[in-house]
Amino acid sequence: MPTNIAVYPGTFDPVTNGHLDVIRRGAQLFGELVVACAVNITKQPLFSLSERLDLLKTVTRGLRNVRVESFEGMVVDYVKRQGSRVILRGIRTFSDFEAEVQMALANRTFAPEVETVFVCASLEESFISSRLIREAAALDGDVGRFVPPEVLEALRGKKRALHAQVGSHRKGK
Ligand code: COA
């Protein structure tokens with residue numbers, strides 16, 4: 001059966017203008033877009049799950065067909081529980097492509113009925129990553145162009161944790 005619901009999964013630590021661009025494109029393509037914030041066991045996020053969810057909800061509040069949720073476990077299982085068969089992902093660069101195809105093929109072996117659909121992230125946002133934003137913010141760089149104002153404010157509130165992260169990296173060298 002065709003589905004009109006797509007799931008856009010990610011860690012969103014924090015959500016950037018690049019993510020928002022993918023969300024907007026997805027919202028135009030599908031009847032309903034679920035932005036699924038991962039309880040990521042392989043990363044130690046700067047923002048807690050509830051902070052990441054709150055920021056996502058705030059920056060997507062104008063998009064009527066976008067819903068923000070968290071998920072744990074395999075993404076394909078979550079997608080099926082949502083009554084969907086589509087994982088939406090954004091591709092920024094050629095290196096993204098390689099990693100994304102690997103993930104899409106792995107997900108297909110776990111659930112052949114779930115399809116991954118890619119959208120091209122816009123050129124202006126193509127070099128942004130959450131790590132880059134966190135690093136620049138920790139070094140007091142101006143990241144206002146790359147994140148929504150609410151995220152910029154939240155990053156200011158994380159100054160102490162961001163500086164501690166940079167400090168521990170330097171000590172580790
Ligand atoms: N604009 C800006 N940044 C983007 C972006 C875009 N369009 N697309 C990706 N990024 C950034 C992310 O913010 C992230 O930055 P960071 O590593 O600096 O924090 C980086 O690029 C990598 O993004 P991504 O590959 O999307 O990783 P992720 O951690 O955000 O999400 C999951 C990965 C959650 C989708 C994946 O791990 C997953 O599905 N986990 C569930 C468990 C599972 O099913 N595993 C089997 C998968 S085969």
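Every number for a ligand or one of its atoms is a count from 1 in the order of the listing.
- Nearest non-hydrogen protein atom to atom 45 (N) of ligand 1 is M74 SD, 4.3 Å.
- Taking all atoms of both residues into account, the shortest heavy-atom contact from R134 to L162 is O-CD2, 3.4 Å.
- Nearest protein heavy-atom neighbour of atom 23 (O) of ligand 1: R89 NH2, 4.4 Å.
- A salt bridge does not link R85 to E115: none of the charged side-chain nitrogens sits closer than 4.0 Å to a carboxylate oxygen.
- Any N or O atom pair closer than 3.5 Å counts here, and N107 shares no such pair with ligand 1.
- Counting only heavy atoms from C-beta outward, the side chains of T11 and S130 never approach each other to under 4.5 Å.
- Heavy-atom contacts of I128 reach the following atoms of ligand 1: 2 (C), 3 (N) (cutoff under 4.0 Å).
- Against a heavy-atom cut-off of under 4.0 Å, A38 is close to the following atoms of ligand 1: 34 (C).
- L88 approaches P9 most closely through the heavy-atom pair O-CD, 3.4 Å.
- Using a 3.5 Å distance cut-off with no hydrogens or angles, the side chains of E69 and Y78 do pair a donor with an acceptor.
- For atom 6 (C) of ligand 1, the nearest protein heavy atom is under 4.0 Å away.
- Contacts between T16 and ligand 1, counted as non-hydrogen atom pairs separated by less than 4.0 Å, involve the side chain only.
- Distances from atom 47 (C) of ligand 1 to the protein include at least one heavy-atom value under 4.0 Å.
- Counting atoms of ligand 1 from 1 in the listed order, those under 4.0 Å from a heavy atom of S129 are 3 (N), 18 (O).
- Annotation: F110 places no N or O atom under 3.5 Å from an N or O atom of ligand 1; distance criterion only.
- With sequence neighbours left out, the side-chain hydrogen bond (donor to acceptor under 3.5 Å, both in side chains) criterion links D142 to no other residue.
- Listed by number with element, the atoms of ligand 1 under 4.0 angstrom from any heavy atom of G73 are 41 (C), 42 (C).
- Given atom 27 (O) of ligand 1, the protein heavy atom at minimum distance is K43 NZ, 3.9 Å.
- In this pair, F12 and Y8 present their aromatic rings perpendicular. The plane angle is above 60°, beyond the 30 to 60° band.
- By the 4.0 Å N-to-carboxylate-O rule, R81 lies too far from D77 to be salt-bridged with it.
- Nearest to atom 11 (C) of ligand 1 by heavy atom, out of E72, R92, R131, is R92.
- When all heavy atoms are compared, the tightest approach of D96 to G90 is OD2-O, 4.2 Å.
- Protein heavy atom at the shortest distance from atom 31 (O) of ligand 1 is G10 CA, 3.5 Å.
- Near V75, the atoms of ligand 1 lying under 4.0 angstrom from a non-hydrogen atom of the residue are 39 (O), 43 (C), 44 (O).
- Looking only at heavy atoms of the protein, atom 37 (O) of ligand 1 is closest to N40 ND2, 4.3 Å.
- With ligand atoms numbered from 1 in the order given, ligand 1 contributes 48 (S) to contacts under 4.0 Å with heavy atoms of A106.
- Of the protein's non-hydrogen atoms, the one nearest atom 30 (O) of ligand 1 is T11 N, 2.9 Å.
- We find that E100 and R89 are joined by a salt bridge, their nearest charged nitrogen and carboxylate oxygen being less than 4.0 Å apart.
- If you check which protein heavy atom lies closest to atom 40 (N) of ligand 1, you get F71 CZ, 4.4 Å.
- Salt-bridge annotation for K57 and E150: absent, with no side-chain N of the basic residue lying under 4.0 Å from a carboxylate O of the acidic one.
- Residue I133 is tested with L46, V147, N17, D13 for a side chain to side chain contact (heavy atoms under 4.5 Å, CB included); the sole match is V147.
- The local environment of CZ in R67 is crowded, with over 12 non-hydrogen atoms from other residues, nucleotides or ligands closer than 6.0 Å.
- Within the listing of ligand 1, atoms 1 (N), 2 (C), 6 (C), 7 (N) sit less than 4.0 angstrom from a heavy atom of G18.
- Residues F47 and V39 fall within the same hydrophobic cluster, defined by Ile, Leu, Val, Met, Phe, Trp and Tyr side chains chained together at heavy-atom separations under 4.5 Å.
- Residue contact check: M103 has heavy atoms under 4.0 Å from atoms 48 (S) of ligand 1.
- Under 4.0 angstrom from ligand 1, the non-hydrogen atoms of V22 all belong to its side chain.
- A heavy-atom separation below 4.0 Å is found between R134 and ligand 1.
- Remark: L49 CG to E72 CD distance equals 8.5 Å, nearest 0.5 Å.
- Within the 4.0 Å heavy-atom criterion, both parts of S130, backbone and side chain, lie near ligand 1.
- Atom 12 (C) of ligand 1 has as its closest protein heavy atom H19 NE2, 3.6 Å.
- Considering backbone and side-chain atoms alike, F12 places every N or O at 3.5 Å or more from each N or O of ligand 1.
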